[in-house]
2 protein chains.
Amino acid sequence: MPKVTEQYRETRRDEIAQAALRCFAKKGFTGASMADIIAESGLSAGAIYGHFESKQQIMLSVASLVIGDAVTELETLNAGGVVPTPSTVVMTILAGVTSDVSHNQILLQVWGEAMVDPKIRELVSDVLTQIRPIYLRFLTAWAEEHEGLSKHDATTWASRLVPVTMGLAHGYIVQSALFPDFDRPAYLASIRELLPG
Amino acid sequence: MPKVTEQYRETRRDEIAQAALRCFAKKGFTGASMADIIAESGLSAGAIYGHFESKQQIMLSVASLVIGDAVTELETLNAGGVVPTPSTVVMTILAGVTSDVSHNQILLQVWGEAMVDPKIRELVSDVLTQIRPIYLRFLTAWAEEHEGLSKHDATTWASRLVPVTMGLAHGYIVQSALFPDFDRPAYLASIRELLPG
DNA sequence: GTCTATACTGTGATAGAC
DNA sequence: GTCTATCACAGTATAGAC
């Protein structure tokens, strides 16, 4: 199998997913029809069904794209080598999620869909089980280093702080998507005041 | 016009809305069909269309029901006469929103729908403009009383804290709906630690 | 082996006859 | 109030062009 072909298919898939993303951002997961996606992608029905089994698969692909942002961005913190403060962790994850406005909008839709679509729910759940330990690791490291706690105590302390820390991020995402005049910098500043570090 | 008739109609409307709520909780706003709602309500298509103009109207009615919980519950704080702590305010609003699990689930769907449906968006926006000032008032009063700030300083302080305070609530709602093993009491305890008061 | 154009089949919301 | 017809449109399959 020539490598070119595989890459080509991958690219096509991505193009379709991006077109679908734009449609979903405008009309929602269920509101956007295959016809919309077909038109937006500039391809034809058959072409699309050659790359995706169903609309459901496209939805999953887009959802995965959007919620994956968080993990991607968090990984960059590892590269730094230094132990980030709790508020830095939150701000980093938010930078990933809300850099693209349409991603942010779709994220809320993904959460909504997760309430009724088991596949999406599973996807969200999977990403959580990736993110939670990362949060925990960073917060634990910080508590050890800056609060002088033992590894055990630091872990306990961190695991209590993780949910609210994530909650603050969730709040940012919600308000960012819902309130047109949401003051993002002010929110981030408040996070820095509230969280230790 | 006999009063009985009006009350009767109101009751019927409410029954239909409740039936619709159950359907939406199970299958989502767009996933639930009129046929579902008809079956769940035990009525017929014609009967329902006698009380609601369209499915859209039913959706709005249910959405309003669900996001109205917050306001309803907040009002109870007024009755007490004492100035609640910031964390008490959050916990009160959460008590209203998440007491009924299906309401909580639908709330996420409402947020998602708000991304693409202007009517729903408007509804959400309206409720916010009701809630924000209430938060602000309570937090300001608390800052005056317990931090000894002037009215002006207290207001400034409060308006900076309102978004994150609401954010913590949003985080609770999101995690409560998405994570089956979410530890609610632990989250509330962390809120108490984080927020002043 | 990809794509285009078009046809098919079920189902949705709703209107209107009983 | 119920029941049933309508009518548009959804997602998808297919038949053939490049």
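The structure displayed is predicted, hence computed values, not measured ones. A note on names: the letters A, B, ... follow the listed sequences, proteins ahead of strands, and every chain is numbered from 1.
- Regarding B:M59, its CE atom lies at a distance of 11 Å from the P atom of C:dA13, rounded to whole Å.
- Atom pair B:I58:CD1 and C:dT14:P shows a separation of 8 Å (rounding to whole Å applied).
- One hydrophobic cluster, built from ILVMFWY side chains closer than 4.5 Å, cannot hold both B:W111 and B:V101; they sit in different ones.
- Atom CZ of A:F52 is separated from atom C1' of C:dC3 by 16 Å (rounded to the nearest Å).
- Between the C1' atom of C:dG1 and the CG atom of A:L43 lies a distance of 15 Å, rounded to the nearest Å.
- Checking C:dC3, D:dG11, D:dG1 against the side-chain heavy atoms of B:Y8 singles out D:dG1 as nearest.
- A sub-4.0 Å separation between OP1 or OP2 of C:dC3 and a side-chain N or O of A:H51 is present.
- Considering only side-chain atoms of B:M34, the nucleotide from C:dA13, D:dG11, D:dT2 that sits closest is C:dA13.
- Comparing D:dG11, C:dA13, D:dT2 by their nearest atom to the side chain of B:K55 picks out C:dA13.
- What separates CD of A:E53 from C1' of D:dA13 is a distance of 14 Å, to the nearest Å.
- Residue contacts shown for B:G46 include a base, since a base heavy atom lies under 4.0 Å away.
- B:Q56 places its CD atom 14 Å from the C1' atom of C:dT14, with the value rounded to the nearest Å.
- In this structure, B:I37 atom CD1 and C:dG12 atom C1' are separated by 12 Å, rounded to whole Å.
- Separation of the A:H152 and A:W157 ring centroids does not fall under the 6.0 Å cut-off.
- Distances shorter than 4.0 Å separate none of the side-chain N or O atoms of A:Y49 from OP1 or OP2 on C:dA5.
- When rounded to the nearest whole Å, the span between CD1 of B:I38 and P of D:dG1 equals 14 Å.
- Among the candidates B:I191, B:L94, B:I173, the single residue satisfying the side chain to side chain contact (heavy atoms under 4.5 Å, CB included) test with B:L168 is B:I191.
- Between B:Y187 and B:F182, the two ring planes are perpendicular [angle over 60°; tilted spans 30° to 60°].
- Within the structure, a side-chain polar atom (N or O) of A:R9 is placed less than 4.0 Å from OP1 or OP2 of C:dT2.
- Nearest nucleotide to the side chain of B:A45, out of C:dC3, C:dA15, D:dG1: C:dA15.
- Minimum heavy-atom separation, A:T140 to A:K151: CG2-O, 4.3 Å.
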